[in-house]
Amino acid sequence: MKTHTLRLTMIATLVGCATISGFTEAAPFQLSAPVVSDSVLAKMIGKGVIGGRIVYFGVQMQTNWTAPGDQGTLQGNLNVALNSNNNMFVPTITYSIRNGRLPQNSGNPGSMVDGAGLSNIKGVSQGIQIAGQGNGVQNGMTLNIVKGTPASPNVGNSWAPGATTQQQGDVTMAVQPGQLSMLISNGANTVQQGIGAAGAYQLAQIASNGNIVSNEMHMTLGMDTAATRNISQQQLQSILQSAMPTPLQ
């Protein structure tokens, strides 16, 4: 059996994201962290904030979608757990798809959604674009900091070794070097989320009526207990969260 190692270069970008929820409009942000002088930055080149202390990184993605005329709620789950083993991260990947086919929809006449500009965002992006009525859409993203290695989720089907995509009905999942993603589309409407070189993203584009969509991503970061024995889990969460921008009230 061949072991596949995933390169997740976005971990450093994500460690500051404690709890993020996306809605139709996003509040502007202001930086609350203190200014770091050039002399201090010069000494930090090439160094990581918590380098060598990460022993586990897990991502759980779930999308629930109820469409008009559907006989049940479509649900897609993609779980990836990276466990440290001799300075390598070895992945455990499972997935499940329930009611994977949605009624096809051509959208409302004249409706148009375009999320091309979101691809320029580095870090975390969440977008909701709606060109219809009676829709309910929400994105949610969390990062949980734990000590040690938690139990890896082991539900659904095991990802076939060597496979880069899984497709069932309207659901397409991808696991590639540096990229995890799940995309669901029934023609006029597309809901997707993932992690790539630019960071983590969630995007829902709805051009018809009466859709109920929940897009959730939960990340878990496991810290080496020996390297962090003098700091509590709550302190770790506070330190990582303090670097995040604070929304204006």
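- D170 places no side-chain N or O within donor-acceptor distance of the main-chain N or O of I184, the cut-off being under 3.5 Å.
- Note that CE of M173 is 8.5 Å distant from CD of Q168, once rounded to the nearest 0.5 Å.
- Distance alone, capped at 3.5 Å, places no donor-acceptor pair between the Q126 side chain and the Y201 backbone.
- The closest side-chain heavy-atom distance from V175 to L78 is below 4.5 Å.
- Minimum interatomic distance between L74 and G76 (heavy atoms only, all atoms of both residues): CD2-N, 4.2 Å.
- Counting heavy atoms from C-beta on, the side chains of L143 and L221 come closer than 4.5 Å.
- A 4.5 Å side-chain heavy-atom check between Q75 and Q62 finds at least one atom pair inside the cut-off.
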### Message
Using the rule given for side-chain contact (heavy atoms from CB on, under 4.5 Å), can you reason through V137 versus I130, listing the C-alpha separation, both sets of side-chain angles and the distance that settles it, and then say yes or no?
### Response
CA-CA 9 Å; V137 184; I130 299 177; 4.1 Å; yes
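- Of all heavy-atom pairs spanning S106 and A188, the tightest one is C-CB, 3.5 Å.
- Note that the CG atom of N189 and the CD atom of Q104 stand 9.5 Å from one another [nearest 0.5 Å].
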### Task
Determine, stepwise, if the pair L180 / V59 fulfils side-chain contact (heavy atoms from CB on, under 4.5 Å).
CA-CA 9 Å; L180 310 173; V59 181; 4.2 Å; yes
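- For the atom pair Q205 CD and S111 OG, the distance stands at 11.5 Å (nearest 0.5 Å).
- The distance from atom OG of S208 to atom CG of N108, rounded to the nearest 0.5 Å, is 6.5 Å.
- Applying the ring pair (Phe, Tyr, Trp, His ring centres under 6.0 Å) definition to pairs two or more places apart or across chains, those involving residues 94-129 are Y95-W159.
- Residues P150 and Y56 are in side-chain contact: their nearest non-hydrogen atoms beyond the backbone lie under 4.5 Å apart.
- M219 and I145 fall within the same hydrophobic cluster, defined by Ile, Leu, Val, Met, Phe, Trp and Tyr side-chain heavy atoms under 4.5 Å apart, directly or through other members.
- Cluster membership for V213 and M217, using ILVMFWY side-chain heavy atoms within less than 4.5 angstrom, is shared.
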### Message
Assess the residue pair T73 and N64 against the criterion (side-chain hydrogen bond (donor to acceptor under 3.5 Å, both in side chains)); give the C-alpha distance rounded to whole Å, side-chain angles, the decisive distance to 0.1 Å, and a yes or no.
### Response
CA-CA 7 Å; T73 298; N64 296 297; over 6 Å; no
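- Across G156 and S96, no two heavy atoms sit closer than the pair CA-CB, 4.1 Å.
- Listed for the N209 side chain is a donor-acceptor partner under 3.5 Å among the backbone atoms of Q133.
- Here the OG1-NE2 distance, from T142 to H218, works out to 5.0 Å after rounding to the nearest 0.5 Å.
- Formation of a donor-acceptor pair under 3.5 Å by the Q129 side chain with backbone atoms of D114 is found in this model.
- Within the model, atoms CE of M182 and CG of N77 stand 6.5 Å from one another, a figure rounded to the nearest 0.5 Å.
- Just one residue in the list I93, T94, T92 forms a side chain to side chain contact (heavy atoms under 4.5 Å, CB included) with V80, and that residue is I93.
- Judged by distance alone, with hydrogens and angles left aside, the side-chain atoms of Q193 form no donor-acceptor pair with the main-chain N or O of L203 at under 3.5 Å.
- The backbone N or O of V55 sits nowhere less than 3.5 Å from a side-chain atom of D224 that would complete a donor-acceptor pair.
- Looking only at distances, no side-chain donor or acceptor of N211 sits under 3.5 Å from a matching main-chain atom of N135.
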### Message
Could you walk me through whether T220 and N144 satisfy the side-chain hydrogen bond (donor to acceptor under 3.5 Å, both in side chains) test, starting with their C-alpha distance in whole Å, then the side-chain angles of each, then the deciding distance to 0.1 Å, before giving a yes or no?
### Response
CA-CA 5 Å; T220 302; N144 186 34; 4.8 Å; no
### Query
Hey, mind stepping through L102 and D70 against side-chain contact (heavy atoms from CB on, under 4.5 Å) and telling me if it holds?
CA-CA 6 Å; L102 292 166; D70 199 358; 3.5 Å; yes
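- Using modelled atom types, no side-chain atom of N139 and backbone atom of I128 make a donor-acceptor pair closer than 3.5 Å.
- F89 and I195 fall within a single hydrophobic cluster, where Ile, Leu, Val, Met, Phe, Trp and Tyr side chains are chained together by heavy-atom contacts under 4.5 Å.
- In this structure the side chain of I206 reaches within 4.5 angstrom of the side chain of W65, judged on heavy atoms.
- Taking the side chain as every heavy atom from C-beta outward, Q202 and M141 approach each other to under 4.5 Å.
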### Task
In sequence, state the C-alpha distance, the side-chain angles, and the governing distance for Q176 and T165, and then conclude on side-chain contact (heavy atoms from CB on, under 4.5 Å).
CA-CA 8 Å; Q176 302 172 2; T165 60; 4.2 Å; yes
